[in-house]
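Side chains included, hydrogens not; waters and symmetry mates left out as well; all remaining heavy atoms used. Remember, predicted model here, so these are calculated numbers, not experimental data.
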Amino acid sequence: MQHRELGNSGVEVSEVGFGAWVVGTDWWGDRDEDDQREMVEHAVEQGITYFDTGDVYGHGQSEEYLGDFLAPYRDEVTLATKIGYDFYNNPQAGHGELPKEMDADYLREAIEKSLDRLGVERVEYLQLHNPNVSEMTPDVLEVLDEVREEGLTDAIGIALGPSIGWLAEGDFGIENEFDGVQYVGNLLEQDVHQHFVDTVRETGSDTSLIARVPHSSGILNEQVTPDTELADDDHRGFRPDEWYETGWEKVEALRFLEREGERTLGQASIQWLLSFDEVASVTPTFRSKKDITEWAAAPDTPALSDEEQERVADLYTSNFGVDRFDGMEAADFRTSVGGDDLRDAGLLAD
């Protein structure tokens, strides 16, 4: 496992990270505490050192579990968490988004509570969770600077979502040289990824990118196939049926990335993201120890050749040869600035 620096913070993250949204929640399958512990410990054994959670996951339980599971490895790992949702005063309603709270005083209290749950004095990487541009006020930025100066964190970033998009927020983070910007990006959903790569290059920013959902909700690793029936509580159920149907056709066009005995399509999906120097880490959604073993080994598989990269680019430009609607409306791209960011990036018609 190789490591990359997060911005110019001095914080190193493994090229494949562990998204702990599967720990302390049941959105990606119900596991008991022992199963979750085994997954985290197995990830460490496979060389993963970057673990990313959030205070809202399981209403604090993910942080509690992760802090407990990683306590024996504390000096070996990089811990990241997110703050910004007020789950203290609002019950979770299914997969619905909770009210956000980006008040400076609230954020100060939230980071201290996160540290308590994690059982640590500092977290290496602290992120605002799905902030709007308007919420990243001078007071909020001042709090982030203060907690870093006080040694409560070493690096500052933002995690974007839950819908794909939020270009204005990512651009804000890059232009203001946050250490990291986390977003959804993969072979089938390249627009946001490429936009942020371009923004980093154009601005000369030191901001690192962290890509999540590299397997496009289970299509690129073939955990979701035409025979799969997603449970009502499966987080991936928000995708329209047409999106999966066209996605399976696109996967067939990407079969050339597989190399028998050397590289699976799931590994190639991670390698493609890591081929961009701007990307510091990729955080798949691990559902089993088998997933961890396969995807943690992705950086050690053959890198994509220039010819493969060009073929991927050509396929994306032609929509992989699929000539029908995938069910994703323009409104599915989240925007907090009236769509101006999406229009400027060519993702939304005037």
TODO: Indicate if Trp295 and Val22 have the same hydrophobic cluster label, given that clusters are the connected sets of ILVMFWY residues with side-chain heavy-atom separations under 4.5 angstrom.
DONE: yes
Open item on the list: Looking only at the side chains, is there a donor atom on one of Thr78 and Glu12 sitting less than 3.5 Å from an acceptor on the other?
Closed with: no
Open item on the list: For the CD1 atom of Ile158 and the CG atom of Leu128, what is their distance to the nearest 0.5 Å?
Closed with: 7.5 Å
Task: Closest contact, heavy atoms only, Thr81 versus Gly54 - done: OG1-CA, 3.5 Å
Task: Ser62 side-chain N/O to Gly58 backbone N/O, donor-acceptor pair under 3.5 Å - done: no
- [ ] Considering only NZ, NE, NH1 and NH2 on the basic side and carboxylate oxygens on the acidic side, decide whether Glu258 and Arg263 come within less than 4.0 Å.
- [x] no
Task: salt bridge (charged side-chain N to carboxylate O under 4.0 Å, His left out) partners of residues 153-165, not counting sequence neighbours, each pair once - done: Arg122-Asp154
TODO: Answer yes or no: is there a side-chain heavy-atom contact under 4.5 Å between Leu254 and Leu188?
DONE: yes
Task: Electrostatic pair Lys113:Asp116 at N-O distance under 4.0 angstrom - done: no
Task: Short side-chain donor-acceptor distance under 3.5 Å, Asp55 and His129 - done: no
Open item on the list: I'd like to know if the side chain of Thr283 reaches the main chain of Gly19, judged simply by a donor and an acceptor atom lying under 3.5 Å from each other, with no hydrogens or angles considered.
Closed with: no
Open item on the list: Less than 4.5 Å apart, side chain to side chain, heavy atoms only: is that true for Phe256 and Val312?
Closed with: yes
Open item on the list: Does the Lys NZ or Arg CZ of Arg37 fall within the cation-pi geometry relative to Tyr65 - under 6.0 Å from the ring centre and within 45° of the axis?
Closed with: no
Open item on the list: One thing to verify: whether Arg255 and Glu308 come together as a salt bridge, which I'm taking to mean a side-chain N less than 4.0 angstrom from a carboxylate O.
Closed with: no
Open item on the list: Walk me through whether Ser205 and Glu175 qualify under side-chain hydrogen bond (donor to acceptor under 3.5 Å, both in side chains).
Closed with: CA-CA 7 Å; Ser205 173; Glu175 292 162 4; over 6 Å; no
Task: Pair Arg4 + Glu278: basic N to acidic O under 4.0 Å - done: no
Open item on the list: I'd like to know if Glu146 and Arg108 make a salt bridge, using a cut-off of under 4.0 Å between side-chain N and carboxylate O.
Closed with: yes
Open item on the list: For Val181, run the side chain to side chain contact (heavy atoms under 4.5 Å, CB included) check against Ile174, Val200, Thr199 and tell me which one passes.
Closed with: Ile174
TODO: Please report the closest heavy-atom contact between Ile292 and Gln46, naming both atoms and the distance.
DONE: CG2-CG, 4.0 Å
Task: Considering all heavy atoms, the nearest Val279-Tyr183 contact - done: CG2-OH, 3.9 Å
- [ ] Side-chain contact test, heavy atoms from C-beta onward, threshold under 4.5 Å: evaluate it for Asp314 versus Ser318 and give yes or no.
- [x] no
TODO: Just jot down the side-chain contact (heavy atoms from CB on, under 4.5 Å) partners of Tyr106, sequence neighbours excluded, or say none.
DONE: Asp86, Tyr88, Glu101, Asp103, Ala110
Task: Neighbour count >12 (heavy atoms, 6.0 Å) for atom CD, Gln309 - done: yes
Open item on the list: Testing the basics here: between Leu6 and Ser9, what is the closest heavy-atom pair and its distance to 0.1 Å?
Closed with: O-OG, 2.6 Å
Task: Reported CG-to-OG1 distance for the pair Leu118 and Thr53, which is rounded to 0.5 angstrom - done: 7.0 Å
Task: Option among Val16, Ile210, Leu79 that satisfies the side chain to side chain contact (heavy atoms under 4.5 Å, CB included) test with Tyr50 - done: Ile210
- [ ] May I ask you to decide whether Asp179 forms a salt bridge with Arg148, counting only side-chain N to carboxylate O separations under 4.0 Å?
- [x] yes
Task: Of Phe18, Phe51, Trp21, the residue whose pairing with Phe286 passes ring-ring contact (aromatic ring centres under 6.0 Å, His included) - done: Phe18
TODO: Find out whether Glu245 and Arg324 are in side-chain contact, i.e. whether some heavy atom of one side chain is under 4.5 Å from a heavy atom of the other.
DONE: yes
Task: Test item: Arg259 side-chain N/O and Thr301 main-chain N/O as donor-acceptor pair under 3.5 Å - done: no
TODO: Say whether Glu189 and Asn186, considering side chains only, have a donor N or O and an acceptor N or O under 3.5 Å apart.
DONE: yes
Task: Flag side-chain contact, heavy atom, 4.5 Å: Lys100 against Pro131 - done: no
Task: Other residues, nucleotides, ligands: >12 heavy atoms within 6.0 Å of Glu150 CD - done: yes
Task: Check: Thr207/Glu177 side-chain N/O donor and acceptor closer than 3.5 Å - done: no
- [ ] Run the salt-bridge test on Arg212 and Asp52 with the 4.0 Å N-O cut-off and return the result as yes or no.
- [x] no
Task: Side-chain H-bond candidate by donor/acceptor type, Gln182 with Gln127, under 3.5 Å - done: yes
Open item on the list: Tell me whether Glu76 contacts the main-chain N or O of Tyr73 through its side chain, where contact means a donor paired with an acceptor under 3.5 Å.
Closed with: no
TODO: Find out whether Thr285 and Asp291 are in side-chain contact, i.e. whether some heavy atom of one side chain is under 4.5 Å from a heavy atom of the other.
DONE: no
Open item on the list: Run Glu5 and Ser208 through side-chain hydrogen bond (donor to acceptor under 3.5 Å, both in side chains) and show every step you take.
Closed with: CA-CA 8 Å; Glu5 185 178 7; Ser208 291; over 6 Å; no
- [ ] State, with a plain yes or no, whether a side-chain heavy atom of Met1 is found less than 4.5 Å away from one of Thr49.
- [x] no
Task: Leu220 and Pro214, any side-chain heavy atoms less than 4.5 Å apart - done: no
